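Owing to the predicted nature of the structure, the values given are computational and were not obtained by experimental measurement.
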Amino acid sequence: MRPIYITETAAGDDQAIVEDFYHFYSSIPDGGIFGSMIGTEPVPDVYAALNYAGEVRNGGHRQYIANADNRSIIHQAALLGLGEIGASVHRAILSEMRDWVIANPQAVEAIFDHDLPALDQLDDRFFDEQDRHSVEAYCAAWIKAYPDLRIVSEAEFMALLEGKALGVASTATKPGGARVGLLERVMTTIFGR
């Protein structure tokens, strides 16, 4: 099980707990673990659920679809994360969005060029549910109950963000001089790939 780190200053504040969690995982591209970790442990999936909520809050389901590059793996991770934290209504909305994306590939290609009432309706339902019980509230409760929650100092948190705990160098190259991306370096460090 992957530990969750939050700062001592965040520990008593639900919003700060969620912000620390999101900040930690957003510092690594795609949470650093999409692909091989989807569905095998909850942390990357919960991160994806928070990302979904943030994208929709910022620009609706259109923005979420566009910024996720229509990658079904990101949609799947968010669905799993919403289920993990108990956000069943949000999960149902995202599931409908995913079904719409699959059924409407041409509309997805021109997502900002047309009136798309189906997505507008999903946005309305999402915001209605956020008013009742937000994804962030579900997430805060889940984090506080997480079995490997680690409360650390600001300095320790920053060291973790900088990759020191993972032993990830800030720059790396492959044989032949090709640059290695951060995601690949983290995956190699964690999983020996």
If you round to the nearest 0.5 Å, how far is [atom2] of [Y] from [atom1] of [X]?
X: Ile65; Y: Ile74; atom1: CD1; atom2: CD1; result: 12.5 Å
X: Phe21; Y: Ile17; atom1: CZ; atom2: CD1; result: 12.0 Å
X: Ile93; Y: Arg125; atom1: CD1; atom2: CZ; result: 5.0 Å
X: Arg91; Y: Tyr138; atom1: CZ; atom2: OH; result: 13.5 Å
X: Glu96; Y: Leu122; atom1: CD; atom2: CG; result: 5.5 Å
X: Gln130; Y: Asp123; atom1: CD; atom2: CG; result: 11.5 Å

Name all residues meeting the side chain to side chain contact (heavy atoms under 4.5 Å, CB included) criterion together with Ala110; count only those two or more places apart in sequence or in a different chain, and write none if there are none.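 Scan of Ala110 (side chain to side chain contact (heavy atoms under 4.5 Å, CB included), adjacent residues dropped) gives Asp113, His114.
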Taking C-beta and beyond as the side chain, do [X] and [Y] meet within less than 4.5 Å on heavy atoms?
X: Asn67; Y: Glu55; answer: yes
X: Glu109; Y: Gln106; answer: no
X: Ile6; Y: Phe157; answer: no
X: Pro42; Y: Trp142; answer: yes
X: Tyr146; Y: Val43; answer: yes

Heavy-atom pair with the smallest gap, counting every atom of [X] and [Y]:
X: Ser134; Y: His90; result: C-CE1, 4.3 Å
X: Ala78; Y: Leu94; result: CB-CD2, 3.5 Å
X: Leu79; Y: Arg98; result: CD1-NH1, 3.3 Å
X: His75; Y: Ala68; result: NE2-CB, 4.1 Å
X: Val46; Y: Glu84; result: CG2-CG, 3.9 Å
X: Cys139; Y: Leu50; result: SG-CD1, 3.5 Å

Sequence neighbours excluded, which residues qualify as ring pair (Phe, Tyr, Trp, His ring centres under 6.0 Å) partners of Tyr52?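 Listed in chain order: His61, Tyr64, Phe126.
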Are any side-chain N or O atoms of Arg62 and backbone N or O atoms of Phe112, one a donor and one an acceptor, separated by less than 3.5 Å?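 Side chain of Arg62 to backbone of Phe112: no pair is present.
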Expected output: side-chain Asn104 to main-chain Trp100 donor-acceptor under 3.5 Å: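 Looks like yes, one N/O pair under 3.5 Å.
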Common cluster, Leu116/Ile102, ILVMFWY with side-chain heavy-atom separation under 4.5 Å: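 No: no chain of side-chain contacts under 4.5 Å links Leu116 to Ile102.
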Step through the shown structure and confirm whether more than 12 heavy atoms of other residues, nucleotides or ligands are within 6.0 Å of CD on Gln15.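 Counting neighbours around CD of Gln15, 12 or fewer heavy atoms of other residues, nucleotides or ligands fall under 6.0 Å, so no.
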Going through the distances and angles, do Asp128 and Val89 end up as a side-chain contact (heavy atoms from CB on, under 4.5 Å)? CA-CA 10 Å; Asp128 287 346; Val89 174; over 6 Å; no
By the definition salt bridge (charged side-chain N to carboxylate O under 4.0 Å, His left out), identify the one residue from Asp20, Asp13, Asp14 that meets it with Lys144.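 When Asp20, Asp13, Asp14 are each tested with Lys144, the salt bridge (charged side-chain N to carboxylate O under 4.0 Å, His left out) holds only for Asp14.
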